[in-house]
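Below is one structure, written out as structure tokens; the observations come after it.
The model shown is predicted, which means the values in this text are computed figures rather than measured ones.
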Amino acid sequence: MTGASAWNCHVLFPVSRRYNMKDSVVIFGAGAVGRGFIARLLAANGLTPVFVEADAQMARRLSEVDGYIVHVTGAEKRESHVSGYEVLTPEQSGEISKALANCLFMATAVGGRNLETVARIVTLGLAGASKQRGRPLNILLCENWPDAEKVLAEALLKAGCDEESFACVRCSVERMVKGGENELDLIAEGGQTFYVDRRTWKGEQGGEVCGIEGLTFTDKIEAIYARKLYTSNAGGAALAYFGYLSDCHFLYEALEIPEIRKNLTKLLNVAKQCLIESFGLEEAGLERHLDELMNRRFSNRDLADTVQRVARNPLRKLGSQERLAGLAHLLRRHALSTEPVSRVIGSALHYRDPADAESLELGRIIAQKGAGAILEDVCGFERQETCFEECLEFYDYFS
């Protein structure tokens, strides 16, 4: 668990495991992505994952067992056993310093809101490790958060970290991971590549020297991240918000409704055209990617992604640089139809969940100022834009 409350707690957890830092990678966050994707990839390459986990209960459970199982689903189903890891908590500054001094690189999977807390811990750790390390610390940002690498870099500098001592590296993680039948085991999607920005990686020939199978360094991270944001993330949002209005619990249930599937197809098709025109992505590759999303990921009953999980935090997901409004701005720039994404935004404005503070705040703003206030202040639309008018029309349509 990597929520804000956990990352701001102060619990000292004694770690009694063996501590071998050779060929290790420090992972901040032992949640679904940290355990089910990053650590699994590292362990499969013979490296030692070193978790820094704020949730004391999760840290204790991980340290008490010899490992956990990741059930890989998709085209090929298999079980992957992850073991040989180490576990630390944020309060163990001395151990974290040792880990940062010797690790190959570091990764975060804590959620964008927790990056400032991570920055303070890393700054303290690097201060104690600077002489021993002798080279910059590359930090992979495995966060579904706009400009996460810039957020962490600014926070590190603000905390007093020397800008030559680190590099915050953008990456794109597209695999879906969810909890399994017990507290530690996970279910993960197989077959997706982990892309890393070669240009911002410091030293070691753009990272290739790491030789980690499944880690792909690229000079086109913006295009790859945009593909993820405007197809996988936007498509999931469409299923979630349309599914909410149709009383669906799982995304695959929404996909089985013909009208929703038709509207999702329209959205993905305009996103495909936009990606081709904006980034020069190859059409055949995009077609394969969209087929994978429609016929394997969104319909996967093993993953069984829920409407509630994908729809949560609607104010963030309606942001001007995010999966929906960001796509709308890009479509308008290329004179492409914004109608498919406006339909999704209009439905998203209706999302309410008593357990989701952002959805309640969304409702409060609309009740006081009208839906147009969200479209202007959150999505970044101007009132004279066609997209603004379309979103209001669809908001009224779904009312």
- Does Ala32 offer a backbone N or O that forms a donor-acceptor pair with the side chain of Lys178 under 3.5 Å? no
- Charged N-O contact under 4.0 Å between Arg227 and Glu174: yes
Please list every donor-acceptor pair under 3.5 Å in which a side-chain atom of residues 145-159 meets a protein atom from a residue at least two apart or in another chain.
none

- Query: Is the backbone N or O of Leu360 less than 3.5 Å from a side-chain atom of Arg364, with the two atoms forming a donor-acceptor pair by type?
  - Reply: no
- Message: To check you understand the geometry: which heavy-atom pair defines the closest contact between Val270 and Leu331, and what is its length?
- Response: O-CD2, 3.6 Å
- In a check of side-chain contact (heavy atoms from CB on, under 4.5 Å) between Val169 and each of Phe217, Trp201, Phe105, which one passes? Trp201
- Query: Between Leu251 and Arg309, does a side-chain contact (heavy atoms from CB on, under 4.5 Å) hold up when you go through it step by step?
  - Reply: CA-CA 10 Å; Leu251 293 195; Arg309 190 197 76 82; over 6 Å; no
- Query: What pair of heavy atoms forms the shortest contact from Glu282 to Ala284, and how long is it?
  - Reply: OE2-CB, 2.8 Å
- Item | Any donor-acceptor pair under 3.5 Å from Tyr68 side chain to Val82 backbone | no
- Query: Checking side-chain contact (heavy atoms from CB on, under 4.5 Å) for the pair His289/Leu275: CA distance, chi angles, key distance, verdict?
  - Reply: CA-CA 12 Å; His289 176 66; Leu275 290 167; over 6 Å; no
- The reported gap from OG1 in Thr306 to NE2 in His249 (rounded to nearest 0.5 angstrom) is 6.0 Å
- Message: Can a donor-acceptor pair be found, under 3.5 Å and without considering hydrogens, that links the side chain of Asn269 to the backbone of Thr265?
- Response: yes
- Return yes if some donor-acceptor pair links the side-chain N/O of Glu322 with the main-chain N/O of Leu324 below 3.5 Å, else return no. no
If you look only at distance, which donor and acceptor atoms sit under 3.5 Å apart when one is on a side chain in residues 371-386 and the other is two or more places apart or in another chain?
{"residue": "Glu376", "atom": "OE1", "partner": "Arg383", "partner atom": "NE", "Å": "3.1"}
{"residue": "Glu376", "atom": "OE1", "partner": "Arg383", "partner atom": "NH2", "Å": "3.3"}
{"residue": "Glu376", "atom": "OE2", "partner": "Arg383", "partner atom": "NE", "Å": "3.4"}
{"residue": "Glu382", "atom": "OE1", "partner": "Gln384", "partner atom": "NE2", "Å": "2.9"}
{"residue": "Glu385", "atom": "OE1", "partner": "Arg332", "partner atom": "NE", "Å": "2.9"}
{"residue": "Glu385", "atom": "OE2", "partner": "Glu382", "partner atom": "N", "Å": "2.8"}

- For the atom pair CG (Leu293) and CG (Leu268), what is the distance rounded to the nearest 0.5 Å? 6.5 Å
- Item | Check ion pair Glu183-Arg60 (N to O, under 4.0 angstrom) | no
- Message: Assess, by modelled atom type and distance only, whether the side chains of Thr108 and Glu143 contain a donor and an acceptor separated by less than 3.5 Å.
- Response: yes
- Query: So among Tyr244, Tyr395, Phe398, Phe242, which one has a ring-ring contact (aromatic ring centres under 6.0 Å, His included) with Tyr351?
  - Reply: Tyr244
- Query: Under 4.0 Å between a Lys/Arg side-chain N and an Asp/Glu carboxylate O for Arg199 and Glu222?
  - Reply: yes
- Would Ser320 and His329 satisfy side-chain hydrogen bond (donor to acceptor under 3.5 Å, both in side chains), going step by step from the backbone distance to the final call? CA-CA 8 Å; Ser320 62; His329 289 300; 5.4 Å; no
- Query: Under the side-chain contact (heavy atoms from CB on, under 4.5 Å) criterion, do Val341 and Leu267 qualify, and how do the steps go?
  - Reply: CA-CA 6 Å; Val341 71; Leu267 175 72; 3.9 Å; yes
- Item | Pairing of Arg312 and Glu358 as salt bridge, 4.0 angstrom limit | no
- Query: Looking only at heavy atoms, which two atoms of Ala304 and Phe250 are closest? And how far apart?
  - Reply: O-CD2, 3.3 Å
- Ser63 to Val87 - nearest heavy-atom pair and separation: N-CG2, 4.2 Å
- Task: Determine whether the side chains of Arg120 and Thr117 contain a donor N or O and an acceptor N or O closer than 3.5 Å.
- Result: yes
- Could you pull out the closest heavy-atom pair between Ala188 and Leu303, with the gap in Å? C-CD2, 4.2 Å
- Please check if the side chain of Arg35 supplies one atom and the backbone of Ala30 the other of a donor-acceptor pair under 3.5 Å. yes
- Look at the side chain of Lys317 and the backbone N and O of Val310, then say whether any donor-acceptor pair between them is shorter than 3.5 Å. yes
- Item | Closest approach of Ala311 to Asp356 (non-hydrogen atoms, all atoms of both residues) | O-OD2, 4.5 Å
- Task: Would you check if the side chain of Asn313 reaches a backbone N or O of Arg316 as a donor-acceptor pair within less than 3.5 Å?
- Result: no
- Message: Checking Asn300 against Glu189 for the side-chain hydrogen bond (donor to acceptor under 3.5 Å, both in side chains) test, could you report, in this order, the C-alpha distance in whole Å, the side-chain angles of both residues, the deciding distance, and whether it holds?
- Response: CA-CA 9 Å; Asn300 192 316; Glu189 182 182 22; over 6 Å; no
